[in-house]
Amino acid sequence: MSLLKPEIRELLMKAIGEELFANSLYKSLANQLQAVGYFGAQSYFLKESEQELGHYQILVDYFNDRGDVADMPQVEAITDRATTLGEAFNLSYTAEKNLEDFYVDFYEKAEDEMEDCVTAQFLLQFIQIQRESVG
């Protein structure tokens, strides 16, 4: 029996999609920077990609903790291109800031509108992760 309200489940699925998109974005940036010889940046973005997969797994585990199973969403294709480090880091910053905004909004909805303090407390770790990433 799922303990997740349908609205919370929908937002958690969106979070999973956002984390998988970030994973794909960072893999794409790593590949693009490798192609122009930025091997250190390639390594950096591959590590970022792996961190996003870790965040995905935390979300999947939360579904399980609440008696539910996460679906596997279709991830949007990566179309952004970077040929310089500046472009790559701007894309990265934008992705991280968008995730921060998403998690802050999700937290506020979970706490105030949906009265789900368990999920709100769970989301605090993602707000901290994104705060550090944006910083």
Side-chain angles (χ1 to χ4, degrees):
M1 178 174 94
S2 178
L3 299 173
L4 296 174
K5 295 177 183 178
E7 303 86 3
I8 292 288
R9 187 181 195 289
E10 182 179 327
L11 287 168
L12 286 167
M13 283 305 308
K14 182 166 174 45
I16 284 176
E18 295 292 330
E19 295 292 347
L20 290 175
F21 177 81
N23 167 264
S24 295
L25 174 65
Y26 291 142
K27 282 190 184 301
S28 178
L29 290 174
N31 292 343
Q32 292 173 51
L33 293 172
Q34 178 188 31
V36 293
Y38 291 119
F39 302 112
Q42 173 200 16
S43 178
Y44 169 81
F45 282 111
L46 286 174
K47 287 178 187 170
E48 289 295 308
S49 172
E50 290 304 313
Q51 287 181 354
E52 301 303 339
L53 275 183
H55 304 161
Y56 156 82
Q57 192 58 53
I58 292 168
L59 289 160
V60 168
D61 291 344
Y62 184 70
F63 267 86
N64 183 263
D65 291 345
R66 305 305 289 164
D68 207 328
V69 177
D71 303 321
M72 180 56 83
Q74 184 173 352
V75 179
E76 184 181 333
I78 305 300
T79 58
D80 293 316
R81 297 289 173 246
T83 57
T84 68
L85 288 176
E87 290 172 351
F89 283 108
N90 281 336
L91 288 169
S92 173
Y93 173 79
T94 299
E96 295 297 337
K97 181 65 173 112
N98 288 343
L99 272 171
E100 180 184 60
D101 293 345
F102 169 78
Y103 282 118
V104 167
D105 184 58
F106 186 0
Y107 172 84
E108 290 172 349
K109 286 178 181 175
E111 183 72 13
D112 299 332
E113 295 173 28
M114 298 174 195
E115 299 178 351
D116 185 343
C117 64
V118 174
T119 299
Q121 184 277 329
F122 167 76
L123 292 170
L124 289 174
Q125 67 187 305
F126 288 94
I127 293 171
Q128 179 177 342
I129 289 166
Q130 293 312 129
R131 178 187 52 81
E132 292 170 358
S133 292
V134 168

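Atom set for the values below is all heavy atoms of this structure, side chains included, hydrogens, waters and symmetry mates excluded.
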With hydrophobic residues grouped by side-chain heavy-atom distances under 4.5 Å, do [X] and [Y] end up in a single group?
| X | Y | result |
| --- | --- | --- |
| L85 | L46 | no |
| V118 | L12 | yes |
| L53 | M72 | yes |

What heavy-atom pair brings [X] and [Y] nearest, and what distance separates the two atoms?
| X | Y | result |
| --- | --- | --- |
| S49 | K27 | OG-CG, 3.1 Å |
| L33 | A88 | CD1-CB, 3.7 Å |
| P73 | M13 | CD-CE, 4.0 Å |
| Q32 | A82 | OE1-N, 2.6 Å |
| R81 | E87 | O-OE1, 4.2 Å |

Taking the side chain as C-beta and beyond, is there a heavy-atom pair between [X] and [Y] under 4.5 Å?
| X | Y | value |
| --- | --- | --- |
| F106 | T119 | yes |
| F63 | V69 | no |
| Y26 | I78 | no |
| E19 | V60 | no |

Using 4.0 Å as the upper bound for N to carboxylate O, is an ion pair formed by K5 and D116?
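Salt bridge between D116 and K5, a charged N being under 4.0 Å from a carboxylate O: no.
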
If the threshold is 4.0 Å, N to carboxylate O, is there a salt bridge linking E10 and K14?
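A salt bridge is absent here (no side-chain N lies under 4.0 Å from a carboxylate O).
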
Would D61 and Q57 count as having a side-chain donor-acceptor pair, cut-off 3.5 Å?
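There is such a pair (donor and acceptor under 3.5 Å, judged by atom type) between the side chains of D61 and Q57.
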
Determine whether the side chains of E96 and S92 contain a donor N or O and an acceptor N or O closer than 3.5 Å.
no

What's the separation between atom CD in E7 and atom CZ in R9, rounded to the nearest 0.5 Å?
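Spacing of CD (E7) from CZ (R9) equals 12.5 Å.
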
Just how far is it from atom CG of N23 to atom OH of Y56, taken to the nearest 0.5 Å?
10.5 Å

Taking the hydrophobic residues Ile, Leu, Val, Met, Phe, Trp and Tyr, and joining any pair whose side-chain heavy atoms are under 4.5 Å apart, which ones share a cluster with Y93?
V134

Which residues end up grouped with L3 if you chain together Ile, Leu, Val, Met, Phe, Trp and Tyr wherever their side-chain heavy atoms are less than 4.5 Å apart?
M1

Kindly write out the residues that satisfy side chain to side chain contact (heavy atoms under 4.5 Å, CB included) with A15, not counting sequence neighbours, or none if the list is empty.
L59, F102, Y103

Assess the pair Y38 and F45: is the distance between their ring centroids shorter than 6.0 Å?
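Ring centres of F45 and Y38 not closer than 6.0 Å.
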
Sequence neighbours left out, what passes salt bridge (Lys or Arg N to Asp or Glu O under 4.0 Å) with K47? Give chain and number order.
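Once residues adjacent in sequence are excluded, K47 has no partner under the salt bridge (Lys or Arg N to Asp or Glu O under 4.0 Å) criterion.
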
Run the ring pair (Phe, Tyr, Trp, His ring centres under 6.0 Å) test against Y107 and tell me which residues pass, sequence neighbours left out.
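Per chain and number, Y107 pairs via ring pair (Phe, Tyr, Trp, His ring centres under 6.0 Å) with no residue.
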
Check side chain to side chain donor-acceptor pair (under 3.5 Å) between R66 and all other residues, then give those that pass, not counting sequence neighbours.
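Side chain to side chain donor-acceptor pair (under 3.5 Å) list for R66, sorted by chain: empty.
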
